[in-house]
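Heads up: the structure comes next, in structure tokens.
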Amino acid sequence: MKPRFYSKQAIAGLTLLSSVFGCILFSYNLRAVGKEKFAPYFIIGSILWTFLFKKLMVGIIPDNLVQFVLGNMIASFILTFFLWDKFFIDYLAYESKKVWKPLIVFLSICTALLLAGIYLNRK
């Protein structure tokens, strides 16, 4: 029986939005193959990656948006080429899960945080 995964392409694309989001989807794939013990490390690692990359690049790249995009591009590359091959090399055939539901949840959370930030800054 084939496992149900979020595809490599979906994880690569959505990691560009947020490395944490990409690692959450990657962790769901780990759970599908019985390697859920690694999932917390990926999520914690993605949070650390986001902050450490920003700290390391602040003197080199002054633009926050460029730092964010570059960090997510590197994270996407690491997840989909190096780590995907390490953890899912035995699963060449799998059923692809739709990414709409987690994407809508992610975008809803981001929108709520953005609106809360705008509201709090107006006061």
Side-chain angles (χ1 to χ4, degrees):
M1 185 167 171
K2 293 189 240 180
R4 292 198 61 206
F5 284 166
Y6 291 107
S7 72
K8 190 175 188 178
Q9 294 80 9
I11 290 174
L14 297 175
T15 302
L16 295 175
L17 294 176
S18 166
S19 60
V20 176
F21 184 49
C23 282
I24 289 171
L25 295 181
F26 194 87
S27 296
Y28 277 115
N29 287 356
L30 289 172
R31 179 192 282 172
V33 295
K35 297 179 181 180
E36 61 271 349
K37 66 181 177 184
F38 295 108
Y41 299 114
F42 276 92
I43 295 169
I44 292 168
S46 67
I47 294 168
L48 290 174
W49 168 261
T50 301
F51 289 112
L52 289 176
F53 189 83
K54 182 169 176 49
K55 285 287 187 189
L56 291 172
M57 292 294 121
V58 76
I60 300 168
I61 304 170
D63 187 5
N64 285 336
L65 183 61
V66 174
Q67 290 173 5
F68 179 75
V69 171
L70 184 61
N72 289 348
M73 286 173 64
I74 294 169
S76 177
F77 179 79
I78 292 169
L79 270 180
T80 55
F81 289 103
F82 177 69
L83 293 173
W84 183 280
D85 291 342
K86 182 171 178 57
F87 286 93
F88 305 119
I89 194 71
D90 297 331
Y91 303 96
L92 299 176
Y94 59 88
E95 290 182 34
S96 187
K97 282 180 157 181
K98 304 276 186 209
V99 295
W100 295 113
K101 185 177 176 182
L103 180 62
I104 290 169
V105 170
F106 174 75
L107 292 176
S108 299
I109 291 169
C110 289
T111 302
L113 291 173
L114 179 65
L115 292 174
I118 292 170
Y119 176 75
L120 293 174
N121 281 332
R122 294 180 90 182
K123 287 192 168 193

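Sequence positions, counted from 1, serve as the residue numbers for this chain.
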With rounding to the nearest 0.5 angstrom, report the OG to OH distance, S27 to Y41.
12.0 Å
Spatial distance of atom CG (L30) from atom CG (L83) [nearest 0.5 Å]
9.0 Å
With rounding to the nearest 0.5 angstrom, report the CZ to CZ distance, R4 to R31.
13.5 Å
Could you label the plane-to-plane angle of the F21 and F106 rings as parallel, tilted or perpendicular, counting under 30° as parallel and over 60° as perpendicular?
parallel
For the student: nearest non-hydrogen atoms of S46 and I43, plus distance:
OG-O, 2.7 Å
Please check this pair: side chain of S76 against backbone of N72, looking for a donor-acceptor N/O pair closer than 3.5 Å.
no
I'd like to know if L56 and W49 are part of one continuous hydrophobic network [Ile/Leu/Val/Met/Phe/Trp/Tyr, side-chain heavy atoms within less than 4.5 Å].
yes
What do you reckon, are the aromatic ring centroids of F38 and F26 less than 6.0 Å apart?
no
Say whether V20 and L114 are linked into one hydrophobic cluster, either directly or through other cluster members, by side-chain heavy-atom distances under 4.5 angstrom.
no
Look at the side-chain heavy atoms of Ile, Leu, Val, Met, Phe, Trp and Tyr, link any pair under 4.5 Å apart, and say whether W84 and L25 land in one connected group.
yes
ILVMFWY cluster, Y6 and V33 together (side-chain gap under 4.5 Å)
yes
Measuring from atom CD1 of I78 to atom OG of S19, what distance do you get when rounded to the nearest 0.5 angstrom?
10.0 Å
With rounding to the nearest 0.5 angstrom, report the CG to CG distance, L103 to L17.
7.0 Å
I'd like to know whether OH of Y28 has more than 12 heavy-atom contacts from other residues, nucleotides or ligands below 6.0 angstrom.
no
For residues 33-57, which residue pairs pass the salt bridge (Lys or Arg N to Asp or Glu O under 4.0 Å) check, not counting sequence neighbours?
none
Looking at P3 and Y94, what are the two nearest heavy atoms and their distance?
O-CB, 3.3 Å
Salt bridge (Lys or Arg N to Asp or Glu O under 4.0 Å): pairs with one or both residues in residues 70-94, sequence neighbours excluded
K8-D85
Quick check: closest heavy atoms across V99 and A10, and the distance to 0.1 Å?
CG1-CB, 3.5 Å
Nearest-0.5 Å distance that lies between atom CZ in F42 and atom CD1 in I47
14.0 Å
Do L14 and L107 share a hydrophobic cluster (ILVMFWY, side-chain heavy atoms under 4.5 Å, transitive)?
yes
Any chance you could lay out the side chain to side chain contact (heavy atoms under 4.5 Å, CB included) test for I61 and L70, step after step, and finish with the verdict?
CA-CA 10 Å; I61 304 170; L70 184 61; 3.6 Å; yes
